[in-house]
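Notes follow the structure.
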Amino acid sequence: MLELLRRQATEVAPLLLGAVVRVGDVAVRLTEVEAYMGEGDPGSHAFRGLGKRNAVMYGPPGHLYTYFTYGMHTCANVVCMPEGVASGILLRAGEVIEGADLARERRTTSRKPADLAQGPARLAVALGIRLDDAGDNLESGRVRLELPQSRAPFSAGPRTGVAGEGGSNSYPWRLWIPGEPSVSPYRPAVKRKRS
DNA sequence: GTCGAGATTATCT
DNA sequence: GATAATCTCGACC
């Protein structure tokens with residue numbers, strides 16, 4: 001598996017669609033992911049170079065990169081590219097296929113099954129992924145990744161909610177499996193107001 | 001049903 | 001002190 005994850009994010013991302021992420025008794029089949037290149041990608045956390053937060057992304061592939069954002073949300077990524085090169089894939093959404101009862105318990109605001117892991121932060125909550133799971137080995141750690149037997153069909157579009165204007169968001173690096181109810185609706189812009 | 005603003009804190013400047 | 005790879009809730013149609 002590590003050989004497959006050693007390539008650049010845009011090549012690895014299609015392989016993750018249909019993959020299963022398992023944490024304890026809860027398993028999620030990924031239906032939506034987003035590729036982030038390293039220091040050359042303005043939307044990436046690695047754009048400004050190595051820091052405490054993104055150190056894991058510079059590490060070896062096949063590990064879990066988590067980050068905290070908007071003061072209350074945790075998101076999970078899969079690190080790819082060899083050690084020393086920052087690159088990762090954000091797990092945006094998925095379908096809970098095991099442990100739905102437990103996932104529902106964690107996601108008390110969810111009303112329909114499709115909402116359980118519809119969005120990066122929701123997916124992390126449903127799986128019980130926390131900030132301190134960063135750096136976990138996806139083959140032997142608490143968080144496991146199982147690649148699918150065959151590649152799923154997918155569509156591509158612009159990434160959502162990334163920082164930067166115009167051009168930085170023009171790459172079609174958001175991939176999803178068409179027709180899946182758990183795929184989050186596209187949000188073209190994020191209105192940001194500061195008080 | 002859709003749309004828009006507020007929440008809340010680790011990390012970086 | 002400002003920012004952020006988001007979610008939720010309340011207002012309105």
Side-chain angles (χ1 to χ4, degrees), chain A residues 8-10 12-14 16-17 21 28 30-59 63-81 85-94 96 103-135 143 156-176 181-195:
Chain A
Q8 62 180 12
T10 48
V12 178
L16 292 183
L17 288 172
V21 180
V28 164
L30 299 178
T31 55
E32 185 182 355
V33 299
E34 210 162 270
Y36 282 88
M37 302 301 277
E39 298 177 355
D41 178 6
S44 172
H45 284 164
F47 183 56
R48 286 194 169 85
L50 178 63
K52 186 182 178 185
R53 175 175 58 173
N54 56 27
V56 177
M57 264 206 292
Y58 286 81
H63 286 236
L64 184 71
Y65 164 52
T66 58
Y67 64 89
F68 203 70
T69 190
Y70 288 96
M72 43 174 85
H73 301 301
T74 306
C75 300
N77 301 246
V78 174
V79 176
C80 54
M81 292 293 273
V85 183
S87 188
I89 297 168
L90 170 67
L91 310 181
R92 285 202 59 85
V96 177
R104 221 181 347 263
E105 216 171 287
R106 291 170 172 148
R107 299 237 40 254
T108 53
T109 56
S110 170
R111 287 276 142 237
K112 350 186 259 293
D115 284 349
L116 283 174
Q118 188 182 72
R122 293 167 170 182
L123 185 137
V125 171
L127 283 172
I129 292 176
R130 300 183 309 270
L131 242 200
D132 45 323
D133 287 315
V143 180
R159 292 180 296 184
T160 68
V162 301
E165 300 292 325
S168 67
N169 194 25
S170 61
Y171 303 103
W173 288 344
R174 184 177 80 105
L175 309 181
W176 68 93
S182 55
V183 174
S184 55
Y186 175 51
R187 294 193 177 169
V190 181
K191 280 194 181 175
R192 192 172 310 280
K193 184 182 75 84
R194 259 281 125 210
S195 56

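Throughout, a chain's letter reflects where its sequence line sits, starting with A, and its residues are numbered from 1.
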Going by side-chain contact (heavy atoms from CB on, under 4.5 Å), A:S87 matches just one of A:M81, A:M57, A:E39. Which one?
A:M81
Rounded to whole Å, how long is the line connecting atom CZ of A:R53 with atom C1' of C:dA2?
13 Å
Taking DNA chain C as the partner, which of residues 106-116 of chain A come within under 4.0 angstrom of it by heavy atom?
A:R107, A:T109
Please name all residues satisfying side-chain hydrogen bond (donor to acceptor under 3.5 Å, both in side chains) with A:T10, sequence neighbours left out, ordered by chain then number.
A:Q8
Determine yes or no for a side-chain-to-main-chain donor-acceptor pair under 3.5 angstrom, with A:T74 supplying the side chain and A:R130 the backbone.
no
For A:A93, side-chain contact (heavy atoms from CB on, under 4.5 Å) partners two or more places apart
A:T31, A:E32
Starting at atom CD of A:E32, determine the distance to atom P of C:dA5, rounded to an integer number of angstrom.
16 Å
d(CZ, A:R48; P, B:dT13) in whole Å:
6 Å
d(NE2, A:H45; C1', B:dC12) in whole Å:
11 Å
Starting at atom NE2 of A:H73, determine the distance to atom C1' of B:dA10, rounded to an integer number of angstrom.
13 Å
Which nucleotide wins on minimum distance to the side chain of A:F68, given the candidates B:dT9, C:dC7, C:dA5?
B:dT9
Using side-chain heavy atoms (C-beta onward) and a distance below 4.5 Å, is A:M37 in contact with A:Y171?
no
Would you indicate whether the side-chain heavy atoms of A:L30 and A:L123 approach each other to under 4.5 Å?
yes
Quick one: does A:Y67 reach the base of C:dA5 with a side-chain donor-acceptor pair under 3.5 Å?
yes
Nearest of B:dC12, B:dT9, C:dA5 to any side-chain atom of A:S44?
C:dA5
Please determine, by modelled atom types, if A:R107 and A:T109 share a side-chain donor-acceptor pair under 3.5 angstrom.
yes
Rounded to whole Å, please give me the gap between CG in A:L123 and C1' in C:dC7.
14 Å
The dot-bracket string of DNA chain C, counting Watson-Crick and G-U wobble pairs with both distances under 3.5 Å, using [ ] for crossing pairs and | for pairs to another strand, is ||||.|||||||.
Whole-Å distance separating the CG atom of A:N54 from the P atom of B:dT11:
11 Å
Rounded to whole angstrom units, what separation is found between the OH atom of A:Y70 and the C1' atom of B:dG6?
12 Å
Go through C:dA5, B:dT8, C:dC7 for me and flag the one nearest to the A:M72 side chain.
B:dT8
Sequence-distant partners of A:Y67, side-chain hydrogen bond (donor to acceptor under 3.5 Å, both in side chains), two or more places apart
none
Under the side-chain hydrogen bond (donor to acceptor under 3.5 Å, both in side chains) test, residues paired with A:H73 that sit two or more places apart:
none
